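A short worksheet on the structure shown next.
Because the structure is a prediction, the values reported are computed rather than measured.
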Amino acid sequence: MSSGGEKKNVVVIGGGVAGSVVAKTLKSEVNVSLIDEKEYYEITWASLRCMVEPEFAKRSVISHSEYLPHAKIIPSAAVDITDTDVLTKQGSRIAYDYLVVATGHTQSGAEARTEKISQYQAEYEKIKAADSILIVGGGPTGVELAAEIVADFPAKKVTLVHRGSRLLEFIGESASKKALNWLTSKKVEVILEQSVVVNSQSDGVYRTSGGETIVADCYFLCTGTLFGSAWLKETILKDSLDSRGRVMVDSNLRIKGRNNIFAIGDITDVPELKQGYLAQEHAKVVAKNITSLIKGVEDDHKLAVYKPATKALAIVSLGRKDAVAQFPCLSIAGRVPGMIKSGDLFVGKTRKGLGLQPGV
């Protein structure tokens, strides 16, 4: 599709939750180039299940080429952006008519899919071999990992340390209390308002900031990661970052002051919770807007507008059958929210959205 016969070039930087959707949505209409340090897309909200069931990763870690068979996939980091091109770490210059920045949060780790699946196998072996496990961080990652471990390995001693005054601070107090009650009912020891420096341990003994000692055979760090935007400071977008390192976008999700460059997902300054399903909504809006611009729409009022999600809607899985859910007006815990998410963790639905077999 283009206004003049030739297909337009759309470059997407970042093949995560948001980038994968926008690339998949536009792939038959434009020439899509996906620049990503990894050769795969990972369904991140399924990653903790993979640590207790490595086979699960074979469905949740998906090669980009599987859902983008005809796109150009560049397995490299992007290091610079000009008005016409993206420069990659490996030295390629990729020309664009439209650019989508979707680099989310910083990540390190496996570049190849097989290596990622092997890492999950190693994490599983680590959990299986340990009698006692320390988890640092009481956000959704720490809570879900603790729940996965005690659901599958109820005999293991799990201790969770969180510097905040309550778990899951991004949702309401009632929901976080329900998560705490669930974990303590499964004999997870939860220590709040303390921190622990994991690399200062001696012979499996860790000390908290409050002077408590924790004995653990292994630990998992489940604290937040930085926005994946530092590299933009060396590009034409250096003035498009706010004081927290988020990319400033307008209501059409275009980077402010740019007509043909968009940003989506966690990297943006959209005032809402950073959640996967919202990042996917960003991607749909941007795909519509790029299609409209290619068709020659010149009136900005005719472009799709993204409306931030102002009310928290979140489901935190608690093992394979239970969950705690925060809806706009109430929170619930147990099997009902668990039926929505915890069995398959939306993996089948996400695969289907990418045009893949849900169960493979």
Any ion pair linking [Y] and [X] (charged N to carboxylate O, less than 4.0 Å)?
X: Glu29; Y: Lys295; value: no
X: Arg163; Y: Glu169; value: no
X: Asp344; Y: Arg59; value: yes
X: Asp322; Y: Arg335; value: yes
X: Arg244; Y: Asp269; value: no
X: Arg258; Y: Asp83; value: yes

Ignoring hydrogens, what is the shortest heavy-atom contact between [X] and [Y]? Give both atom names and the distance.
X: Ile35; Y: Ala77; value: CG2-C, 4.4 Å
X: His105; Y: Thr225; value: CD2-O, 2.9 Å
X: Ile13; Y: Ala78; value: CG2-CB, 3.7 Å
X: Ser174; Y: Ser331; value: OG-OG, 2.8 Å
X: Asn9; Y: Ala95; value: CB-O, 3.7 Å
X: Val297; Y: Lys302; value: CG1-CB, 3.8 Å

Check whether any side-chain heavy atom of [X] sits under 4.5 Å from a side-chain heavy atom of [Y], and report yes or no.
X: Val285; Y: Ile264; value: no
X: Ile81; Y: Leu232; value: yes
X: Ile294; Y: Tyr98; value: yes
X: Val143; Y: Leu168; value: yes
X: Leu180; Y: Trp182; value: no
X: Arg93; Y: Thr82; value: yes
X: Thr103; Y: Phe227; value: no
X: Leu26; Y: Val12; value: no

- Other ILVMFWY residues reachable from Val205 by side-chain steps of under 4.5 Å: Val215

- Task: If you link ILVMFWY side chains whenever their heavy atoms are less than 4.5 Å apart, which other residues fall into the same cluster as Ile191? By chain and number, please.
- Result: Leu134, Val136, Val161, Val196, Val198, Tyr206, Ile214, Tyr219, Leu221

Any donor-acceptor pair under 3.5 Å from [X] side chain to [Y] backbone:
X: Asp80; Y: Leu87; result: no
X: Thr88; Y: Ser92; result: yes
X: Gln194; Y: Gly210; result: yes
X: Asn289; Y: Ala304; result: yes
X: Lys178; Y: Val324; result: no
X: Gln326; Y: Gly172; result: yes
X: Asp36; Y: Pro75; result: no
X: Arg113; Y: Val61; result: yes

- Task: Might you work through the side chain to side chain contact (heavy atoms under 4.5 Å, CB included) test for Ile127 and Phe153, ending with a clear yes or no?
- Result: CA-CA 9 Å; Ile127 291 168; Phe153 300 99; 3.8 Å; yes

- Show the numbers, then the answer: is there a side chain to side chain contact (heavy atoms under 4.5 Å, CB included) between Val249 and Arg254? CA-CA 5 Å; Val249 294; Arg254 280 191 290 203; over 6 Å; no

Path from [X] to [Y] over hydrophobic side-chain contacts below 4.5 Å:
X: Phe346; Y: Leu145; answer: no
X: Leu34; Y: Phe262; answer: yes
X: Leu99; Y: Met248; answer: no
X: Leu273; Y: Phe327; answer: no
X: Leu354; Y: Val32; answer: yes

- Compute the ring centroids of His64 and Tyr40, then answer whether they are less than 6.0 Å apart. no

- Task: Taking atom CD of Glu111 as the centre, report whether more than 12 heavy atoms of other residues, nucleotides or ligands fall under 6.0 Å from it.
- Result: no

Sequence neighbours excluded and cut-off under 3.5 Å, please list the side-chain donor-acceptor pairs for residues 44-54, or say none.
{"residue": "Trp45", "atom": "NE1", "partner": "Leu345", "partner atom": "O", "Å": "3.0"}
{"residue": "Ser47", "atom": "OG", "partner": "Thr44", "partner atom": "O", "Å": "2.8"}
{"residue": "Arg49", "atom": "NE", "partner": "Glu148", "partner atom": "OE1", "Å": "2.8"}
{"residue": "Arg49", "atom": "NE", "partner": "Glu148", "partner atom": "OE2", "Å": "3.1"}
{"residue": "Arg49", "atom": "NH1", "partner": "Ser342", "partner atom": "O", "Å": "3.2"}
{"residue": "Arg49", "atom": "NH1", "partner": "Gly343", "partner atom": "O", "Å": "3.2"}
{"residue": "Arg49", "atom": "NH2", "partner": "Glu148", "partner atom": "OE2", "Å": "3.0"}
{"residue": "Arg49", "atom": "NH2", "partner": "Gly319", "partner atom": "O", "Å": "3.2"}
{"residue": "Arg49", "atom": "NH2", "partner": "Ser342", "partner atom": "O", "Å": "2.9"}
{"residue": "Glu53", "atom": "OE1", "partner": "Arg320", "partner atom": "NH1", "Å": "2.9"}
{"residue": "Glu53", "atom": "OE1", "partner": "Arg320", "partner atom": "NH2", "Å": "3.0"}

- Message: Could you walk me through whether Gln121 and Glu125 satisfy the side chain to side chain donor-acceptor pair (under 3.5 Å) test, starting with their C-alpha distance in whole Å, then the side-chain angles of each, then the deciding distance to 0.1 Å, before giving a yes or no?
- Response: CA-CA 6 Å; Gln121 184 66 40; Glu125 300 295 345; 2.8 Å; yes

- Query: Is the Tyr41 ring parallel, tilted or perpendicular to the Tyr67 ring (thresholds 30°, 60°)?
  - Reply: perpendicular

- Worked verdict on Ile135 versus Val158 for side chain to side chain contact (heavy atoms under 4.5 Å, CB included): CA-CA 7 Å; Ile135 294 172; Val158 176; 3.9 Å; yes

